[in-house]
Amino acid sequence: MELVTINSVLAFGKLAKAAAKKGYKSALNRAMVATGKLGRAAASSSLEAGSKVAATTLMEIWNFSSPEKKDREEMVAFSLLLRDIGSAAAAQDMEEALLNAITCLGEVGKK
């Protein structure tokens, strides 16, 4: 099940990259939300690698979108998705996944 989660997250990452290149903000946002939901589900199911890949992919999606086009709504969405992954990881005592989500959340906070 973990391999399916990881491959799905990576596919959403590729979709987000293509959407960002072509300027399809709606598709980019949907890929972001789907990645976050998969990460939260992975963490809730004790799939540590899947949740870590999801948090990292969310950070990559964050970097795909241009900085001048980021609005508050997008920043809040990224923050909430990473928070959800982190809280689900904490509930399952998955320290590495929690630290990964917190690190990514910190990067969003910096920018």
Side-chain angles (χ1 to χ4, degrees):
M1 191 66 182
E2 191 154 33
L3 289 176
V4 172
T5 303
I6 292 169
N7 286 329
S8 298
V9 166
L10 294 175
F12 279 125
K14 289 178 183 178
L15 174 67
K17 186 175 185 176
K21 282 183 180 179
K22 295 195 179 212
Y24 299 151
K25 188 168 175 92
S26 178
L28 178 67
N29 289 339
R30 288 175 188 238
M32 169 192 64
V33 171
T35 301
K37 287 182 178 181
L38 273 172
R40 182 182 61 216
S44 296
S45 301
S46 297
L47 303 174
E48 189 162 7
S51 60
K52 286 169 56 177
V53 170
T56 303
T57 302
L58 272 177
M59 199 61 229
E60 289 174 3
I61 293 172
W62 172 263
N63 291 328
F64 291 152
S65 58
S66 59
E68 61 275 355
K69 293 185 179 179
K70 287 185 175 79
D71 55 7
R72 286 187 185 174
E73 188 175 312
E74 189 175 357
M75 290 169 48
V76 169
F78 271 102
S79 300
L80 291 176
L81 291 169
L82 287 167
R83 182 206 64 181
D84 288 348
I85 292 171
S87 64
Q92 297 295 325
D93 293 326
M94 296 187 306
E95 286 184 30
E96 287 186 36
L98 173 61
L99 289 174
N100 192 353
I102 289 171
T103 301
C104 292
L105 190 56
E107 289 297 316
V108 171
K110 281 187 210 177
K111 298 176 182 180

Please tell me if the side chains of [X] and [Y] come closer than 4.5 Å, counting only heavy atoms from C-beta onward.
| X | Y | answer |
| --- | --- | --- |
| S51 | M94 | yes |
| F78 | M59 | no |
| L15 | F12 | yes |

According to a hydrophobic-cluster definition based on side-chain heavy atoms being under 4.5 Å apart (Ile, Leu, Val, Met, Phe, Trp, Tyr only), do I61 and L81 belong together?
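Yes, one cluster joins them.
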
If you group Ile, Leu, Val, Met, Phe, Trp and Tyr by side-chain heavy-atom gaps below 4.5 Å, do M75 and M32 land in one group?
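Yes: a chain of side-chain contacts under 4.5 Å links M75 to M32.
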
Return the [atom1] to [atom2] distance between [X] and [Y], rounded to the nearest 0.5 Å.
| X | Y | atom1 | atom2 | result |
| --- | --- | --- | --- | --- |
| E74 | K25 | CD | NZ | 4.0 Å |
| N100 | L105 | CG | CG | 11.5 Å |
| K21 | L28 | NZ | CG | 13.0 Å |

With respect to L58, which candidate in L82, L38, V33 satisfies the side chain to side chain contact (heavy atoms under 4.5 Å, CB included) definition?
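It is L82; the other options fail the test.
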
Identify the two heavy atoms, one from I85 and one from G36, that lie closest to each other, and give their separation to 0.1 Å.
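So the minimum-distance heavy-atom pair works out to CG1-O, 3.9 Å.
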
Using every non-hydrogen atom in the two residues, find where A89 and A43 come nearest and quote the distance to one decimal.
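Answer, listing the atom of A89 first, then A43: N-CB, 3.6 Å.
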
Please list all pairs meeting salt bridge (Lys or Arg N to Asp or Glu O under 4.0 Å) that have one or both residues in residues 1-10, counting only residues at least two apart or in different chains.
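Non-adjacent pairs meeting salt bridge (Lys or Arg N to Asp or Glu O under 4.0 Å): zero.
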
Which salt bridge (Lys or Arg N to Asp or Glu O under 4.0 Å) pairs, counting each pair once, include a residue from residues 36-63, with sequence neighbours left out?
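Checked against salt bridge (Lys or Arg N to Asp or Glu O under 4.0 Å) - neighbours excluded - the pairs reaching residues 36-63 are R40-D84, K52-E96.
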
Please step through side chain to side chain contact (heavy atoms under 4.5 Å, CB included) for the pair I102 and L98, ending with a clear verdict.
CA-CA 6 Å; I102 289 171; L98 173 61; 3.7 Å; yes

Does CD belonging to E107 count more than 12 external heavy atoms closer than 6.0 Å?
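For E107, atom CD is crowded (more than 12 foreign heavy atoms under 6.0 Å).
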
